[in-house]
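Remarks on the structure that follows.
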Amino acid sequence: MCRFLDIVIALAVLLFIAPLMLVIAGLIKLQDGGPALFRQSRIGHGGEAFYCLKFRTMVTDAEVRLNALLARDPEVRREWELDHKLRKDPRITALGAFLRKSSLDELPQLFNVLKGEMSLVGPRPIVTAEIPRYGRWFAYYCAVRPGVTGLWQVNGRNNVSYRRRVALDVLYARTVGVRRYVQIMAATVPAVLLRSGSY
């Protein structure tokens, strides 16, 4: 039933917001001539890798800048190792900051949903380097499809510790079903509007 809801809702949303997505893609292209989309290998259902799509929110040489920053600033390196995020990330463009705050950068993931690589609701898709952070709980992450939204997003997002994030993913995997799906979808709207924990 959840898969049926994924397809119906994702198709409806894509048809409705297609013009907005084209405008966003055009603005990203205009800012520096780089690609509008960013693809990154993430871990999906059953531990299989897939390419997660997002609108590009960083400069085109983001990886080079990150490595240089981590090499010269121990404090930033500690922050990165803690959550794989930087609260003040110099790689993010002005347009990218807006897209992240509004969660518009994640709209291309609707195509991942249609392909069956993601669900609208589930754990946030992680990269290979994050697997050790889950430890023995990684099997729970692999038991469900990663989601565009989920318990982490509606419970504080980046304000939540990584340990708490893992606990929320385990809770979701243990209680997955239509009722939980609908609850999280309903809670996502105010979470996005309030921009809770987004950066």
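Any value given below was found using the heavy atoms of this structure, including those in side chains, with hydrogens, waters and symmetry copies removed.
Neither Phe16 nor Leu22 shares a network with the other; the hydrophobic side chains, linked directly or stepwise wherever heavy atoms of I, L, V, M, F, W or Y lie under 4.5 Å apart, form separate groups for each. The hydrophobic clustering, which links ILVMFWY residues whose side-chain heavy atoms are closer than 4.5 Å, places Leu20 and Leu114 together. Taken together through direct or relayed side-chain contacts under 4.5 Å among Ile, Leu, Val, Met, Phe, Trp and Tyr, Val127 and Leu53 form parts of separate hydrophobic clusters. Met118 and Tyr140 fall into different hydrophobic clusters, defined by Ile, Leu, Val, Met, Phe, Trp and Tyr side-chain heavy atoms under 4.5 Å apart, directly or through other members. Transitive grouping of hydrophobic side chains (ILVMFWY, heavy atoms separated by less than 4.5 Å) keeps Leu15 and Val13 in distinct clusters.
Here the closest non-hydrogen pair linking Gly147 and Pro125 is O-CD, 3.7 Å. Between Pro35 and Ile28, the shortest heavy-atom contact is O-CG2, 3.7 Å. Closest approach of Asn112 and Tyr51 over heavy atoms only: ND2-O, 3.0 Å. Between Val113 and Ala10, the shortest heavy-atom contact is CG1-CB, 4.0 Å. Here the closest heavy-atom approach between residue Leu95 and residue Gln31 is recorded as CB-OE1, 3.6 Å. Among all heavy-atom pairs drawn from Pro90 and Arg65, the shortest one is O-NH1, 4.4 Å.
Between Pro108 and the options Arg39, Arg56, Met21, a side-chain contact (heavy atoms from CB on, under 4.5 Å) holds for only Met21.
No side-chain heavy atom of Val176 sits under 4.5 Å from any side-chain heavy atom of Val121. Considering only heavy atoms from C-beta on, Phe38 stays 4.5 Å or farther from Cys52 through its side chain. Residues Phe138 and Val170 are not in side-chain contact: their nearest non-hydrogen atoms beyond the backbone lie 4.5 Å or more apart. Residues Thr93 and Met58 are not in side-chain contact: their nearest non-hydrogen atoms beyond the backbone lie 4.5 Å or more apart. Side-chain atoms of Tyr134 and Cys142, non-hydrogen and from C-beta on, never get closer than 4.5 Å to each other. Between Leu151 and Ile184 the shortest side-chain heavy-atom distance falls below 4.5 Å. Considering only heavy atoms from C-beta on, Cys2 comes within 4.5 Å of Val178 through its side chain. At least one side-chain heavy atom of Trp152 sits under 4.5 Å from a side-chain heavy atom of Val160.
A salt bridge does not link Arg124 to Glu130: none of the charged side-chain nitrogens sits closer than 4.0 Å to a carboxylate oxygen.
Atom CZ of residue Phe55 and atom CG of residue Leu27 lie 10.0 Å apart, to the nearest 0.5 angstrom. The structure places CG of Leu120 at 6.5 Å from CG of Leu110, a figure rounded to the nearest 0.5 Å. Atom CD1 of Ile24 is separated from atom OG1 of Thr57 by 12.0 Å, given to the nearest 0.5 angstrom. In this structure, the separation between CG on Leu86 and CH2 on Trp80 is 6.0 Å, given to the nearest 0.5 Å. Rounding to the nearest 0.5 angstrom, the gap separating the CG atom in Leu66 from the CG atom in Asp89 is 7.0 Å. Of the inter-residue distances, the one linking His45 atom NE2 with Glu117 atom CD reads 13.0 Å to the nearest 0.5 angstrom.
Between the side chain of Arg77 and the backbone N or O of Leu70 there is at least one donor-acceptor pair closer than 3.5 Å. The backbone N or O of Ile43 lies less than 3.5 Å from a partner atom in the side chain of Tyr141, making a donor-acceptor pair. In this structure, the side chain of Gln153 engages the main chain of Gly150 through a donor-acceptor pair within 3.5 Å.
With no hydrogens or angles considered, a side-chain donor-acceptor pair links Asp6 and Ser119 at under 3.5 Å. If you check the side chains of Tyr172 and Arg180, you find no donor sitting under 3.5 Å from an acceptor.
Atom CZ of Arg3 is surrounded by more than 12 heavy atoms from other residues, nucleotides or ligands within 6.0 Å.
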- [ ] Go through the steps to decide whether Leu37 and Lys54 satisfy the test side chain to side chain contact (heavy atoms under 4.5 Å, CB included), and finish with yes or no.
- [x] CA-CA 6 Å; Leu37 291 178; Lys54 283 189 174 187; over 6 Å; no
- [ ] Report the C-alpha distance between Tyr181 and Met1 in whole Å, list the side-chain angles of each, state the deciding distance to 0.1 Å, and finish with yes or no for side chain to side chain contact (heavy atoms under 4.5 Å, CB included).
- [x] CA-CA 10 Å; Tyr181 182 104; Met1 184 61 178; over 6 Å; no
Task: Ile92 and Val59: CA distance, side-chain angles, deciding distance, side chain to side chain contact (heavy atoms under 4.5 Å, CB included) verdict - done: CA-CA 6 Å; Ile92 299 175; Val59 293; over 6 Å; no
Open item on the list: What verdict does the side chain to side chain contact (heavy atoms under 4.5 Å, CB included) test give for Arg42 and Ile126, after you've listed the backbone C-alpha separation in whole Å, the side-chain angles of each residue and the deciding distance to 0.1 Å?
Closed with: CA-CA 5 Å; Arg42 300 289 180 104; Ile126 63 173; 5.9 Å; no
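Taking the centre and axis of the six-membered ring of Tyr162, the NZ or CZ atom of Arg133 falls inside the cone set by 45° and 6.0 Å.
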